[in-house]
Each structure stands twice: as structure tokens, then as C-alpha cells.
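This report concerns only the one structure given below.
These numbers come from the heavy atoms of this one structure, side chains and all, not from hydrogens, waters or symmetry mates. Computed from a predicted model, the values in this text were never measured in an experiment.
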Amino acid sequence: MSISIEEMAEQFKLLGDKTRLKIVTILNQQDMCVCQLVELLQTTQPNISQHLRKLKDAGLVQEERRGQWIFYSLQVAEQPHLHDALQYLPKLEEEVQQKIYSMLCE
């Protein structure tokens, strides 16, 4: 898959936002629904939904309906420039890591 400089620049521009970068970091570990991201990032549902929409429009995340919930997952397997960059993301704050761990154990 070939990507243009313009598309690549737009993707990196989207990841320049702290909230979207945190969302991508979280989704790199586990698929999540909006309500889980709201809890983890301590922000509003409309705010998270807006960020997810931008990431989805750019092809960085995909959604999947599971019952009444829509789960979001990272979609970077065919985008090596992003896949490689994710390796260098810093660890999330300890509190967020603990919340993710507790969600995994449920």
C-alpha cells in the first residue's frame, strides 16, 4: 500500500494532539468502547467521540459493533510508518495503566 506525503502529513498532524495520541496509545494495547475511553482519560463522551471520528476518518482506527456497544481498534498494520512510531510512545501514566489492567481482568 502506497501513501502520499499529504496523507502521511495529515496522519502525523492528527497524532500531534495529546488526547488523540493517548487514545492511539490505549488502542495499541486493547480495543475499547467510548465509555471506557471516557473513564480512562477523564473527559466527556462528546470529546472522545470527536477525536475518534477524526482518527477514523483518517483510517487510523476502525469500529466494530459488539451487541449494543461500538468498540474501536487501532488500524495501522498496513501503515508501517505509524506502526513503527508506536513502538516509541512513552508509557501511560501509572493510573491509566492500572485502569487498563483492571479492565483486562474483568
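- A heavy-atom distance below 4.5 Å is not found between the side chains of Leu37 and His51.
- Hydrophobic clustering (ILVMFWY, side-chain heavy atoms < 4.5 Å, transitive): Ile3 and Leu15 are in one cluster.
- Under the 3.5 Å distance criterion, the side-chain polar atoms of Gln62 are left unmatched by any main-chain donor or acceptor of Gly59.
- Crowding of His81 atom NE2: a count of heavy atoms from other residues, nucleotides or ligands under 6.0 Å exceeding 12.
- A distance-only check finds a donor-acceptor pair linking the side chain of Gln36 to the backbone of Cys33 [under 3.5 Å].
- Heavy atoms only, all atoms of each residue included: Leu60 and Leu82 are closest at CD2-CD1, 3.1 Å.
- At least one side-chain heavy atom of Leu41 sits less than 4.5 Å from a side-chain heavy atom of Ile26.
- Residues satisfying the salt bridge (Lys or Arg N to Asp or Glu O under 4.0 Å) criterion with Arg65, sequence neighbours excluded, are absent altogether.
- The two atoms that bring Cys35 and Trp69 nearest to each other are SG-CZ3, 4.0 Å, heavy atoms only.
- Taking CG of Asp84 as the reference point, atom CD of Gln79 lies at 12.0 Å (rounded to 0.5 Å).
- A search for side chain to side chain donor-acceptor pair (under 3.5 Å) contacts involving Lys56 returns Glu63, not counting sequence neighbours.
- Taking the charged nitrogens against the carboxylate oxygens, Lys54 and Asp17 have no contact shorter than 4.0 Å, which rules out a salt bridge.
- The shortest heavy-atom contact between Arg20 and Leu14 is NE-O, 2.9 Å.
- In this structure, Leu74 and Leu27 approach most closely via the heavy-atom pair CB-O, 3.9 Å.
- Here NZ of Lys18 is found 12.5 Å from OG1 of Thr25. Values are rounded to the nearest 0.5 Å.
- At a threshold of 4.5 Å between non-hydrogen side-chain atoms, the residues Thr43 and Ile48 count as touching.
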